[in-house]
Amino acid sequence: MKKDVIVVGGGVIGCSIALGLAQAGLKVAVIERGRAGCEASRAAAGMLSPQTEAPGPGPFFDLCLRSRSMYRDFAAQITELSGIDVQYRDEGSLCLILESEDERTVDDWVSWQTEAGLALERVSADDARKAEPALTRSVTGAVYIPEDHQVENRRLMDALETALRRVSVEMIEGEEVDSLIMDGSRVIGVVSGGARREAGAVIIAAGCWSGRLLERVGLSVEVVPARGQIVALKGEASLIRSIVHSSLCYLVPRRDGRILIGSTTEYVGYRKGVTAGAVNALLAGAIEMIPALEDFEIVETWSGLRPDTTDHLPVMGFSGIDNLLIATGHFRNGILLAPVTSALIAEVVIGGRTPEELRPFSMERFDSSHTRRQKETAVF
Ligand SMILES: Cc1cc2nc3c(=O)[nH]c(=O)nc-3n(C[C@H](O)[C@H](O)[C@H](O)COP(=O)(O)OP(=O)(O)OC[C@H]3O[C@@H](n4cnc5c(N)ncnc54)[C@H](O)[C@@H]3O)c2cc1C
């Protein structure tokens with residue numbers, strides 16, 4: 001049966017968009033060449049950390065903050081729909097200042113966020129160690145961010161997959177979309193697994209593979225893979241309560257007792273290996289922050305490919321070709337940005353206009369000679 005919308009890519013972005021559209025009453029299919037979340041979305045660390053990650057104020061930071069404010073409800077809703085607890089945790093994040101690091105940089109960061117009205121607290125080394133007793137003696141201070149939380153993203157992807165089936169989204173897994181079907185200047189569907197599948201609109205949410213599909217219809221959006229590697233350790237006790245960051249690496253405690261150590265950012269094409277150098281650097285950083293991790297066992301290592309763009313910002317909304325939309329390039333923040341992306345793309349599809357918050361992330365900022373202007377019209 002013809003769908004209202006086909007979403008290409010079953011990562012956190014594609015699945016969250018599909019959920020929002022199905023809940024608005026549309027007939028939706030997700031086509032995923034592997035299984036839901038099999039790429040970056042399962043490889044992530046699940047931090048919801050706009051304040052820790054932010055280089056400065058601006059529309060992207062605002063977008064991240066809005067998504068963070070939606071997360072508790074988003075997680076509760078998906079948990080309820082699926083029956084799978086996505087393990088939303090709200091202990092906050094602690095950013096360490098280590099010996100030899102310049103405290104003035106941290107003070108600048110604390111002051112612009114304080115001026116922006118955000119919650120964060122400069123704490124002494126002693127107070128940091130009271131909160132997290134396993135911390136190294138070489139901490140000279142820290143910043144506590146109470147509202148930067150986390151979710152267990154593997155469980156989130158399992159839950160999203162189940163939730164989508166419960167709201168009658170057709171999940172087509174193990175099938176690759178090879179091409180888009182054009183009728184004159186409009187997209188009317190996709191070809192996948194040798195079959196033609198028609199839809200009122202197609203949304204490309206294929207992570208760092210999105211550019212390849214868009215190229216085939218003459219759209220130039222450079223989405224490149226940025227590899228990130230993670231090492232997971234397990235010991236007798238978890239050792240940390242909150243997420244702990246430093247300039248060396250970050251540590252994310254999970255409910256099952258694992259501590260994730262992340263991550264690298266490497267531009268090595270589509271290679272997903274785990275390298276000796278990265279494991280070495282991540283372990284050294286983690287043990288410098290929490291010396292007792294030395295006795296923990298390595299239980300798993302993995303890597304994933306973040307979808308990055310030339311300006312490191314997402315690209316979302318109308319594509320320039322009628323009935324074809326894009327939602328990708330979420331780079332380091334795709335887990336965090338899932339709820340706001342879902343809400344804004346629903347506004348575009350149903351309302352037929354680009355919400356103000358999406359304008360800085362539109363296709364138009366890329367080479368306009370490759371993109372035809374598209375009227376802003378509702379697809380439904
Ligand atoms: C190590 C690491 C740590 C991270 N930590 C965090 C974090 O703490 N917090 C955070 O917010 N973000 C984090 N991220 C970033 C986050 O994982 C990504 O931004 C997010 O997962 C991107 O989601 P996506 O759905 O766009 O892409 P993906 O999850 O890559 O999904 C795209 C999907 O499209 C499918 N696909 C591709 N081409 C086709 C095709 N032709 N036909 C059908 N299907 C296709 C793929 O199989 C894939 O499943 C991290 C990433 C990594 C790698």
Side-chain angles (χ1 to χ4, degrees), residues 6-18 29-50 52-53 64 67-68 71 93 148-154 156-157 160-161 171-180 190-193 197 202-216 223 225-232 243 245 249-252 260-266 270 272 274 278 282 301-309 312 314-316 326-342:
I6 287 177
V7 179
V8 181
V12 73
I13 297 301
C15 290
S16 303
I17 290 171
V30 173
I31 307 183
E32 163 57 51
R33 62 170 188 204
R35 71 171 278 230
C38 62
E39 295 289 349
S41 301
R42 264 176 217 273
M47 293 176 295
L48 311 171
S49 300
T52 316
E53 293 260 321
C64 290
S67 207
R68 185 181 69 176
Y71 230 99
S93 300
D148 273 4
H149 298 162
Q150 66 148 303
V151 68
E152 169 41 295
N153 46 290
R154 290 183 182 174
L156 177 70
M157 292 314 304
L160 268 170
E161 191 180 11
M171 289 296 290
I172 304 170
E173 290 171 296
E175 204 168 291
E176 178 152 3
V177 171
D178 297 314
S179 58
L180 303 173
V190 304
V191 176
S192 68
R197 299 180 185 280
V202 173
I203 302 176
I204 305 295
C208 63
W209 296 271
S210 299
R212 295 176 177 182
L213 279 171
L214 295 168
E215 228 169 59
R216 291 181 205 159
V223 190
R227 183 169 74 184
Q229 303 187 43
I230 289 191
V231 179
I243 298 169
H245 291 262
C249 61
Y250 57 74
L251 308 174
V252 183
L260 312 192
I261 310 170
S263 178
T264 56
T265 304
E266 305 159 83
Y270 288 86
K272 273 203 300 183
V274 172
L282 291 170
T301 59
W302 66 85
S303 77
L305 303 175
R306 307 174 185 94
D308 193 10
T309 59
H312 309 300
V315 49
M316 300 188 276
I326 303 179
T328 189
H330 294 72
F331 190 32
R332 307 176 66 86
N333 291 288
I335 305 296
L336 167 67
L337 288 168
V340 79
T341 300
S342 169

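Start at 1 and go down the list; that is how both ligands and their atoms are numbered.
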message = Does ligand 1 come near enough to Ile230 that some N or O of the ligand is less than 3.5 Å from an N or O of the residue?
response = no

task = Decide yes or no for Val202 and Leu180: does some side-chain heavy atom of the first lie under 4.5 Å from some side-chain heavy atom of the second?
result = yes

remark   = d(Thr328 OG1, His330 NE2) to nearest 0.5 Å is 7.0 Å

inquiry  = Measuring from non-hydrogen atoms of Arg227 to any atom of ligand 1, is the shortest distance under 4.0 Å?
reply    = no

query = What atoms of ligand 1 come within less than 4.0 Å of a heavy atom belonging to Gly304?
reply = 53 (C)

For atom 5 (N) of ligand 1, closest protein heavy-atom neighbour = Ala45 N, 3.1 Å

remark   = CD1 (Ile203) and CD1 (Ile13) are apart, to the nearest 0.5 Å, by 11.5 Å

query = Given side chains that start at C-beta, do those of Glu175 and Arg197 come closer than 4.5 Å, heavy atoms only?
reply = yes

ask   = What are the atoms of ligand 1, with element, lying closer than 4.0 Å to any heavy atom of Ile31?
value = 43 (C), 44 (N)

ask   = Atoms of ligand 1 less than 4.0 Å from Asn333 heavy atoms?
value = 10 (C), 11 (O), 12 (N)

ask   = Can you list the ligand 1 atoms lying under 4.0 Å from a non-hydrogen atom of Ala43?
value = 1 (C), 2 (C)

query = Ser263 heavy atoms, cut-off 4.0 Å: which ligand 1 atoms fall inside?
reply = 1 (C)

Ligand-residue contact atoms, ligand 1 with Phe331, heavy atoms, under 4.0 Å = 15 (C), 16 (C), 18 (C), 19 (O)

message = Suppose I only count heavy atoms of Gly228 and a 4.0 Å limit; which atoms of ligand 1 are within that range?
response = 1 (C)

request  = Output yes when the distance from some N or O of ligand 1 to some N or O of Gly14 is under 3.5 Å, and no in every other case.
outcome  = no

Any donor-acceptor pair under 3.5 Å from Ser210 side chain to Ala206 backbone = yes

query = Does Ser303 reach the main-chain N or O of Lys272 with its side chain, forming a donor-acceptor pair under 3.5 Å?
reply = yes

ask   = Polar-atom distance check: Leu336 versus ligand 1, any N or O pair below 3.5 Å?
value = yes

note = When distances are taken from atom 43 (C) of ligand 1, the protein heavy atom at minimum range is Arg33 N, 3.3 Å

ask   = Judging by distance only, is a nitrogen or oxygen of Thr328 under 3.5 angstrom from one on ligand 1?
value = no

request  = Grab the two heavy atoms, one from Glu173 and one from Ala36, that are nearest each other, plus how far apart they are.
outcome  = OE2-N, 2.8 Å

query = Are any of the N or O atoms of Val8 closer than 3.5 Å to those of ligand 1?
reply = no

query = Quick one: which of Arg332, His245, His149, Arg68 gives a side-chain contact (heavy atoms from CB on, under 4.5 Å) with Ser49?
reply = His245

inquiry  = Under the side-chain contact (heavy atoms from CB on, under 4.5 Å) test against Ser16, which residue among Thr341, Leu160, Ile335 passes?
reply    = Leu160

task = Check whether any N or O atom of Ala226, backbone or side chain, sits under 3.5 Å from an N or O atom of ligand 1, and answer yes or no.
result = no

query = Does Trp302 have Arg42 sitting over its ring (NZ/CZ under 6.0 Å from centre, angle to axis within 45°)?
reply = no

key: Within reach of ligand 1, part of Trp302 (heavy-atom separation under 4.0 Å)   = neither

ask   = Below 3.5 angstrom, do we get any N/O pair linking Gly334 and ligand 1?
value = yes

request  = Using a 4.5 Å cut-off on heavy atoms from C-beta on, say whether the side chain of Pro314 contacts that of Thr309.
outcome  = no

request  = Do me a favour and list the nearest non-hydrogen protein atom to atom 42 (N) of ligand 1 with residue, atom name and distance?
outcome  = Val177 N, 2.9 Å

remark   = Within 4.0 Å of some non-hydrogen atom of Ile13, the atoms of ligand 1 are 23 (O), 24 (P), 25 (O), 26 (O)

message = Heavy atom to atom 51 (C) of ligand 1, shortest distance: which of Gln150, His330, Glu175, Arg306 holds it?
response = Arg306

Sub-3.5 Å N/O-N/O distance, Met47 and ligand 1 = yes

message = Polar contacts were defined as any N/O atom of the residue lying under 3.5 Å from an N/O atom of the ligand; does this apply to Ala40 and ligand 1?
response = yes

inquiry  = I need the nearest protein heavy-atom contact for atom 31 (O) of ligand 1: residue, atom name and distance, please.
reply    = Gly11 CA, 3.4 Å

message = A side-chain contact here means heavy atoms from C-beta on lying under 4.5 Å apart; do Arg35 and Met157 qualify?
response = no

ask   = Glu39 versus Glu32: any side-chain heavy-atom pair under 4.5 Å?
value = no

task = Please examine the side chains of Cys64 and Leu337, heavy atoms only from C-beta on, and report whether any two atoms are closer than 4.5 Å.
result = yes

ask   = Of the choices Ala44, Gly37, Ser41, which has the non-hydrogen atom that lies closest to atom 23 (O) of ligand 1?
value = Ser41

message = Quick test: of every protein heavy atom, which one is nearest to atom 12 (N) of ligand 1, and how far off is it to 0.1 Å?
response = Arg332 O, 2.9 Å

note = re atom 47 (O) of ligand 1, the protein heavy-atom contact at minimum distance is Glu32 OE2, 2.6 Å

key: Test item, Gly262 contacting ligand 1 (heavy atom, 4.0 angstrom)   = no

remark   = min-distance protein heavy atom vs atom 27 (O) of ligand 1 -> Gly207 CA, 3.6 Å

